[in-house]
Amino acid sequence: MLARELFDIRQVLRKQGIIFAYSGYVTETVLSGVGEAIKQKLTIDDADTKTLRSVFAVFVEQMQNMIRYSAEKVPNSALEPPFIEIRYGVLTIGRDGDDYVVHAGNLVERSDVERLRARLSKIRDMNKEELRASHKEKLRAGPEEGSKGAGLGFMEIARRATKPIEFDFTDVDDKYAFFTLKASV
Amino acid sequence: MQNLAIPASARTPAIIFDFAKHHLKLTGESYPEDVTEFYNPVFAALDAYLKTLGPGSCRFDFELIYLNSSSAKAVMMLMDKLDAAAAKGAAVDVYWFYDEEDDTMQELGEEFGEDLENAKFYLEKMPH
């Protein structure tokens, strides 16, 4: 019974081709550790250098997005960094035919959904040349409002992906929606 | 000037600034936990060095296997500093080495190179 409970979860993941799954509070240390495991697994799979680097690059941007922007967070302003806050996210890496698929999700505020959707639609619809030009422009520009990073993460994901990125939102309650972003390499 | 030598870590590149030889180098992977914390001392050392360079010459090698999006911003700032020194009369050679098996890094190098107006830019394959 006990074994069955967890085995069933594992089977659900395996049936979807998932080889790595993380659901929980995300930290830079988790990024480092899981990142090393991904490099090892892809090296054992004999993935080519470009594929390995691209899967890894997408993974890093997805993880850092969750670490920085997930709206599901536990703050404690009484403590010093890195204990001030920790954020929750879900990330899976799986196979779909010959592709590696990096899929990440986290809560966002519903008021941010339209802004995100517009930005991601624009990026999804760009071809490689447009992405390159837009990346260059964004690198020069300051970070966007509501962005703590360089605002370049989504673009890096789209550049590394071998198919158009996919994304979706679903409302969770009055305040939050669940946001997912999927990239195939 | 005191040389700057920071060994590589799993997530940060090695920094080898040999100011006496006017040869500066950044090599490895770059996806630090905190980009600002890692690059601020590097910026400070480069600024101090470039101030003393005047019309002298220097070479900067970027030998990066991988960099994340926030490191790209830091690399752009390094390039801007080098280009500004070249605009003031220094002879600056910037080398971007890429792994030929990863054209994304080659493209990124091209992007940076296009923005250099005064420094000379060389795009080369990493020696194997």
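In what follows, every heavy atom counts, from backbone to side chain, and hydrogens, waters and symmetry copies are set aside. Below, chains carry the letters A, B, ... as their sequence lines are ordered, and counting in each starts from 1.
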Subject >> Atom CG of N127(A): over 12 foreign heavy atoms under 6.0 Å >> reply: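 It does: N127(A) CG has more than 12 such atoms within range.
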
Subject >> R95(A), CZ atom: more than 12 neighbouring heavy atoms under 6.0 Å >> reply: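 Enclosed: over 12 neighbouring heavy atoms sit under 6.0 Å from CZ of R95(A).
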
Original post:
Counting heavy-atom pairs under 4.5 Å to chain A, which of L108(B), V35(B), D80(B), D34(B) comes out on top?
Top reply: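 Result: the option with the highest number of such pairs is D80(B).
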
Report yes or no: do [X] and [Y] belong to one cluster of Ile/Leu/Val/Met/Phe/Trp/Tyr joined by side chain heavy-atom distances under 4.5 Å?
X: F7(A); Y: I9(A); answer: no
X: V55(A); Y: V101(A); answer: no
X: I38(A); Y: I18(A); answer: no
X: L24(B); Y: I16(B); answer: no
X: F59(A); Y: L13(A); answer: no

Subject >> Student check: side-chain heavy atoms of L31(A) and R11(B) closer than 4.5 Å >> reply: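 Yes, their side chains come closer than 4.5 Å.
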
**OP:** Indicate yes or no: at least one non-hydrogen side-chain atom of R68(A) is less than 4.5 angstrom from one of S70(B).
**Re:**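 A side-chain contact exists here, since the closest heavy-atom pair is under 4.5 Å.
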
Original post:
Taking non-hydrogen atoms and a cut-off under 4.5 angstrom, which of residues 113-121 of chain B neighbour chain A?
Top reply: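 Heavy-atom contacts from residues 113-121 of chain B to chain A are E114(B), D115(B).
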
**OP:** Output the residues of residues 92-107 of chain B for which the shortest heavy-atom distance to chain A is under 4.5 Å, in residue-number order; output 'none' if no such residue exists.
**Re:**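 At a heavy-atom separation under 4.5 Å, chain A is reached by D99(B), E101(B), D102(B), D103(B), T104(B), M105(B), E107(B).
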
Original post:
For the candidates E36(A), E61(A), Q64(A), which exhibits the highest count of non-hydrogen atom pairs separated by less than 4.5 Å from chain B?
Top reply: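 Option with the top pair count is E61(A).
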
Chain B contact via [X] - which portion, at a heavy-atom distance below 4.5 Å:
X: S32(A); answer: both
X: K128(A); answer: neither
X: R159(A); answer: side chain

Original post:
Which distance, rounded to the nearest 0.5 Å, do you find between the CZ of F56(A) and the OH of Y31(B)?
Top reply: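 The CZ atom of F56(A) sits 3.5 Å away from the OH atom of Y31(B).
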
Original post:
So how far is it from E111(B) CD to E137(A) CD, rounded to the nearest 0.5 Å?
Top reply: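 These two atoms lie 11.0 Å from each other.
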
Original post:
Pick from N65(A), L139(A), L152(A): which one makes a side-chain contact (heavy atoms from CB on, under 4.5 Å) with S69(B)?
Top reply: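 With S69(B) as partner, N65(A), L139(A), L152(A) yield a single side-chain contact (heavy atoms from CB on, under 4.5 Å), made by L152(A).
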
